[in-house]
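Read the numbers this way: they start at 1 and go in the same order the structure lists the ligands and their atoms. These values consider heavy atoms only, across backbone and side chains, with no hydrogens, waters or symmetry-generated copies.
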Amino acid sequence: MNFITAKDLSTKFSKKEVSSYDVTKKIFERISESKLNTYITTCKDLALEVAKEADKKFEENSSDITPLTGVPIMIKDNISTKDIETTAASKILKGYIPPFDATVVKQLNDAGAVILGKGNMDEFAMGSSNETSAYGPVLNPWDTNKVPGGSSGGAASAVAAGECFIALGSDTGGSIRQPASLCGVVGMKPTYGLVSRYGLIAFGSSLDQIGPITRSVEDCSNVLNIIAKQDSLDATSVNSPYEDFTEDIYKEIKGIKLGVPKEYITENIDSSVKANFIQSLEILSDLGANIEEISLPLTEYALAVYYIIAPSEASANLSRFDGIKYGLGVKKAKNSSEYMREVRGSGFGDEVKRRILIGTYALSSGYYDAYYKKAQQVRTLIIKEFNDAFKNFDALVTPTSPILAFDLESKNNNPLSMYMNDICTIPANIAGLPAISIPSGISKKLPIGLQFIGPQFGDKKILQIASNFERATDWHKLNPFNYD
Ligand code: GLN
């Protein structure tokens, strides 16, 4: 029961086979017994109340029922929830209770979803292993000696481990897709602007995007139907060109053109990931896709561009955490600058400090042109390179992560090796493109993911391709407890 899709759960609600109240209660039992550390905060009383309301709607066959009514959902802890502590997994925000809901939270509440609590994550979404959280690491349910990926590690681990049916994550350079890949679930970063960022604690504002982590492509499409709406509170949000993201998922993909950018298959790719990728291409080709290798030579600069732009934006965004308006404060300080130094020095973790230092340096006078401006220029070229590729291809297909889930603490002292995890996911953020990761296999009892990248607003197309692949395979039906 805990491992069925949200769609199947909703069908059971309609047939009155189970109630949202009972399912929600069971999930909380599971969470309280879990060692995975997926949640930073839970809100059981509120969730059970909402679940009861959902059950009433099903009893009355209300016209308000949506595919998410009564469905237990986790929200990553960098997404603001009114009256529920929101820390972005940082000590500096401990005790911060937002007085408002993020737009996506409001949309989920209006849809009748049951919010269980807040997902553990890397501090301020900076990381690829969930180990920078001030609230302890999250474990991978497939092997608890391994990381779940990050930064939405709590979200992916919880969906995989039956500790929620759906989670909302955020993706600045891969933080939805990489953990989804490492935990064997579906994760999508929509086109930049499609989902409101209002209430998302900003990391790199020109890269950040909220998106779903689910157990099926259809569930992912149903979440987008609810959250992909223009929002006057986010100036970068746009009107969705689509009414219904599920519309094409059952249409076949015969004749579709898929490009395989050869630069994504680097020397450092794990041999099992590579073998799996080749098998996945065969499946796509059997489904009728025309697959061709292409070259995107600027890919090699994407990581460098990201590690200038993301920290630069982060250094500006995180300047608001001064211990005055939110969260942590310190008792003794001689003057305001000492106060802020104390608060920021003790409130931020090492990775966050590293990003603030890099970003401040890149933006400082004398270096701005050499780093930030140059990175923005290369970003424009990367966008153009993608646009040119999409003149000939409907979508691109790549591995999501070059490696399988790795051992806890194995990369903590090597930031560069940690940053290399995102080599296949970062380019889509640089160019604002939609990208989805879906389960494509298992090696050494660990999941592998496959990524589809679409042109801007090609969200429906990549959902269609991903859904066809999903139906042709059984990988998404496996979970850490039924796989041997
Ligand atoms: N792992 C990348 C980083 O550390 C991406 C994080 C994200 O997408 N939020 O910045």
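Within the listing of ligand 1, atoms 2 (C), 3 (C), 5 (C), 6 (C), 10 (O) sit less than 4.0 angstrom from a heavy atom of Tyr306. Close approach of ligand 1 to Ala125 is summarised as follows: ligand atoms under 4.0 Å from at least one heavy atom of the residue are 6 (C), 7 (C), 9 (N). Applying the 4.0 Å criterion to heavy atoms of Phe203 picks out, from ligand 1, the atoms 9 (N), 10 (O).
The N/O atoms of Gly174, backbone and side chain alike, include one that comes under 3.5 Å of an N/O atom in ligand 1. The distance criterion of under 3.5 Å between nitrogen or oxygen atoms is met by Arg355 with respect to ligand 1.
Residues Phe124 and Ile201 form a side-chain contact, since some pair of their non-hydrogen atoms from C-beta on lies under 4.5 Å apart.
Atom NZ of Lys460 has more than 12 heavy atoms from other residues, nucleotides or ligands within 6.0 Å.
Of the heavy atoms in Thr172, both backbone and side-chain atoms come closer than 4.0 Å to ligand 1. Heavy atoms of Lys76 found under 4.0 angstrom from ligand 1: none, in either backbone or side chain.
Tested against Arg354 for a side chain to side chain contact (heavy atoms under 4.5 Å, CB included), the candidates Ile358, Asp350, Leu357 yield a single pass: Ile358. Of the listed residues (Glu313, Arg355, Lys353, Met126), just one forms a side chain to side chain contact (heavy atoms under 4.5 Å, CB included) with Leu318, and that residue is Met126.
The aromatic ring centres of Tyr242 and Phe245 sit less than 6.0 Å apart.
Asn130 places no side-chain N or O within 3.5 Å of a backbone atom of Pro137 that could act as its donor or acceptor partner.
In terms of protein heavy-atom proximity, atom 7 (C) of ligand 1 is nearest to Ser175 OG, 2.4 Å. With respect to atom 1 (N) of ligand 1, the closest heavy atom belonging to the protein is Asp422 OD2, 2.6 Å.
Using 4.0 Å as the threshold, Ala310 has no heavy atom nearer than that to any atom of ligand 1.
We find the CG-CG distance between Asn145 and Asp407 to be 6.5 Å, quoted to the nearest 0.5 Å.
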